[in-house]
There are 2 protein chains.
Amino acid sequence: MADVAARAGVSAQTVSRVIGRPEMVTEETRKRVQDAIRELNYIPNEAARNLASNNSRVVAVVIPTLSSSAFAAQVKATIDTLELRGISVVIGNSEYSVLREEQIIQTLLERRPMGFILTGLHHTPRAMDLLRQSGVPVVETWDTDARPIDCAAGFSNIAAGRDVGALLLKRGAQRIAFVGGAASQDSRANGRFIGLAKAVAEAGLPPPVRIELVLPMSTQDGIHGLDAVLAQAPLTDAIFFSADSLALAALLECNRRGLRVPEQLAICGFGDFDLAGLVTPSLTTVRIQPDVMGRTSAELLLARVDGDEAPTTVALQHQLIRRGSA
Amino acid sequence: MADVAARAGVSAQTVSRVIGRPEMVTEETRKRVQDAIRELNYIPNEAARNLASNNSRVVAVVIPTLSSSAFAAQVKATIDTLELRGISVVIGNSEYSVLREEQIIQTLLERRPMGFILTGLHHTPRAMDLLRQSGVPVVETWDTDARPIDCAAGFSNIAAGRDVGALLLKRGAQRIAFVGGAASQDSRANGRFIGLAKAVAEAGLPPPVRIELVLPMSTQDGIHGLDAVLAQAPLTDAIFFSADSLALAALLECNRRGLRVPEQLAICGFGDFDLAGLVTPSLTTVRIQPDVMGRTSAELLLARVDGDEAPTTVALQHQLIRRGSA
DNA sequence: TTGTAAGCGTTATCAG
DNA sequence: CTGATAACGCTTACAA
């Protein structure tokens, strides 16, 4: 920066201004400085900037995994939104473990991020302490069924589960099963189960059979879930899978086995993956727009950072997509 | 840090050592300092560390998009590998544009990353200049068909395309078509086409029809590609799609239309997505292990940073997965 | 509008 | 093994 200043015949401070608040500098001076910057290929040192200005221009995003198209889409939208403001995103993978999440939060805190975007409302007490003490804004996503630390941009898994239950019942299902990530690892999936169970209970039917898959899970686990359901409750006439990947695998497996969907077994997924509408029968599912969640959570965080009076919870709506499989 | 030092009755420097090189401090002193750190909830300031040590502990990863399971898997593996060493990953989304990539590289350079992991071997001249001048190690992925800036961890798209061509020909295909991202946007897909065209030429057949899709593309585009091929070359008997998502969409559409795969139309994808083996007929495709690429590129970068004599190019092998669709 | 001085919180370096 | 001192490259705050 000193070199640039010398070359432009100004002080370092003026160079700093040209970079940070160009409008504070005469057009002529500005031009001279910008030329010098270009000629010297000067690239500001962000660490020095952070240290002096106490602003990292970094947002930390912690998700359970990147190998789910929904989380990937969410993160992509977050990155795109923040990139426009010159903010970088650092990603933490918790692998569906709140303990790892805590560890990651602690490490990322060293970068003094402008804020955290977390997945879900459930974290270790220590993680919440760390967050609170540091005073960084926190946006929680994917869940609005409990009180957020600070604010949230998500949807109600319970409501979504209940809607699925209602649809399945309306379709005539009597013995509904649920296949999803273990409740202890995935509280969002658990919320969907709770909603489903509520709808089933209200209809006066016995509680749904539940298969808990150990996370991280693969698409293949959809077949394992199907098998587990059929082994445990052979009369099951409808299965709600907590993710489309699982539902799709199961649906295709049913086709292969000659098990008629939805006549013998109705199937409902969650997430509305790209292929959901293309398989036969097409997959009934729930659309949640992870990209909107990614963008909204970023905007909410920015509003918090700017001190705007941001809403505590942005409730995104899920949408039941009724297709052929249920 | 001063507070911690005071509380532990040592100098700030000793606190720094306990954090950075604990082995240089007596066990007793170390313990005292660690207690003080815990009691005061001290969290080091990474920006100050970066500035003083001239080491950002950040690696920049630039990919075309995160909404492709292959790139997501790659990035996940990279994050997991680097996390172990306390290195954070910042992600840039180029949206398949080398211009945006250049812009992103310039911005990320401000963070003085330990290195860059880029996608492909094709970048703007200015981007390459920026990289060279900054002197950061660069690992390029997804392509080994040209000379890397620094080093590469990828596979040969040309070889993969050629293998697909050979398989399709062996299967009896006479009129092969290719559907993939526009060559100007996706040089990797272009490589696959080149390989395919080579195999076809060697067999003495007319060059394959080629449909270029504008990126970013959706799964649905697989159907558009299929339609475009059939419109342009109705006698086509085999299509090579540059991504499984496209191939899967097309395959399912063929099923719906009663177009028999592979009898009337053989289909080959690329990437071996989760569902590839589950559809009927199962999808013939090419496996490339993006997770291995993500891990390997990270390791290669670390080796470069450590000054180890790392190989210039790590050639990962693709694997033809012959299934039912071709 | 521009410049000067004083940090920002840490690590490198050298001395003890 | 531990401590003192001087950076690291920039921005804030104030002065001119």
Side-chain angles (χ1 to χ4, degrees), chain A residues 1-37 40-58 86-88 107-114 134-136, chain B residues 1-37 40-58 86-88 107-114 134-136:
Chain A
M1 183 179 252
D3 294 348
V4 174
R7 179 166 196 125
V10 297
S11 74
Q13 191 41 233
T14 299
V15 177
S16 169
R17 286 202 188 91
V18 169
I19 294 169
R21 294 102 154 278
E23 71 283 1
M24 288 186 68
V25 178
T26 321
E27 182 170 341
E28 196 223 306
T29 317
R30 194 193 315 156
K31 187 155 181 354
R32 240 181 24 249
V33 172
Q34 283 167 337
D35 287 346
I37 288 177
L40 294 176
N41 286 306
Y42 167 66
I43 295 178
N45 182 319
E46 185 65 21
R49 254 161 109 155
N50 294 172
L51 188 57
S53 68
N54 196 27
N55 176 183
S56 63
R57 303 176 199 220
V58 159
I87 297 169
S88 296
T107 305
L108 292 184
L109 235 18
E110 299 184 355
R111 299 203 182 264
R112 303 289 188 270
M114 304 168 75
S134 70
V136 281
Chain B
M1 183 179 250
D3 295 348
V4 173
R7 180 167 194 121
V10 297
S11 74
Q13 190 43 234
T14 299
V15 176
S16 170
R17 286 201 189 92
V18 169
I19 293 169
R21 294 101 154 278
E23 72 282 1
M24 286 184 69
V25 178
T26 321
E27 182 170 341
E28 195 222 308
T29 318
R30 193 193 316 155
K31 185 150 184 356
R32 239 180 26 249
V33 172
Q34 283 166 338
D35 287 346
I37 288 176
L40 295 176
N41 285 307
Y42 166 67
I43 296 179
N45 183 320
E46 185 66 21
R49 253 161 110 156
N50 293 172
L51 188 58
S53 68
N54 195 28
N55 176 181
S56 63
R57 302 175 202 220
V58 159
I87 297 169
S88 296
T107 306
L108 292 184
L109 236 18
E110 300 184 355
R111 300 203 182 265
R112 302 291 189 272
M114 303 168 75
S134 70
V136 281

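So that the names make sense, note that chain A is the first sequence line, chain B the second, and so on, each numbered from 1.
- A:Ser134 and A:Leu109 get closest at one heavy-atom pair: OG-CD1, 3.8 Å.
- Note that CZ of A:Arg49 and CD of B:Glu110 are 5.5 Å apart. Values are rounded to the nearest 0.5 Å.
- Side chain of B:Arg17 to backbone of B:Val25: no donor-acceptor contact under 3.5 angstrom is found.
- In the displayed structure, A:Glu27 atom CD is contacted under 6.0 Å by at most 12 heavy atoms of other residues, nucleotides or ligands.
- In this structure, A:Asn54 reaches neither bases nor backbone, as no heavy-atom distance under 4.0 Å exists between it and the strands shown.
- The existence of a salt bridge linking A:Arg7 and A:Asp3 is excluded, since no basic side-chain nitrogen approaches an acidic carboxylate oxygen closer than 4.0 Å.
- Annotation: B:Asn55, atom CG; neighbour count of heavy atoms from other residues, nucleotides and ligands within 6.0 Å is above 12.
- A heavy atom lying under 4.0 Å from DNA chain C marks the following residues of residues 9-23 of chain B, by number: B:Gln13, B:Ser16, B:Arg17.
- Heavy-atom contacts of chain B under 4.0 Å fall on DNA chain C between two terminal nucleotides, which in 5' to 3' order are C:dG9 to C:dT13.
- A donor-acceptor pair is defined here as one N or O able to donate and one able to accept, closer than 3.5 Å; no such pair exists between the side chain of A:Arg30 and the backbone of A:Val18.
- Rounding to the nearest 0.5 Å places CG of A:Asn50 at 8.0 Å from CG of B:Asn50.
- Nucleotides of DNA chain D lying under 4.0 Å from heavy atoms of chain B occupy a range whose first and last members, 5' to 3', are D:dC1 to D:dG9.
- Summarising the local packing, CD of A:Glu28 is surrounded by 12 or fewer heavy atoms from other residues, nucleotides or ligands at distances under 6.0 Å.
- Interatomic distance, A:Thr107 OG1 to B:Ile87 CD1, rounded to the nearest 0.5 Å: 12.5 Å.
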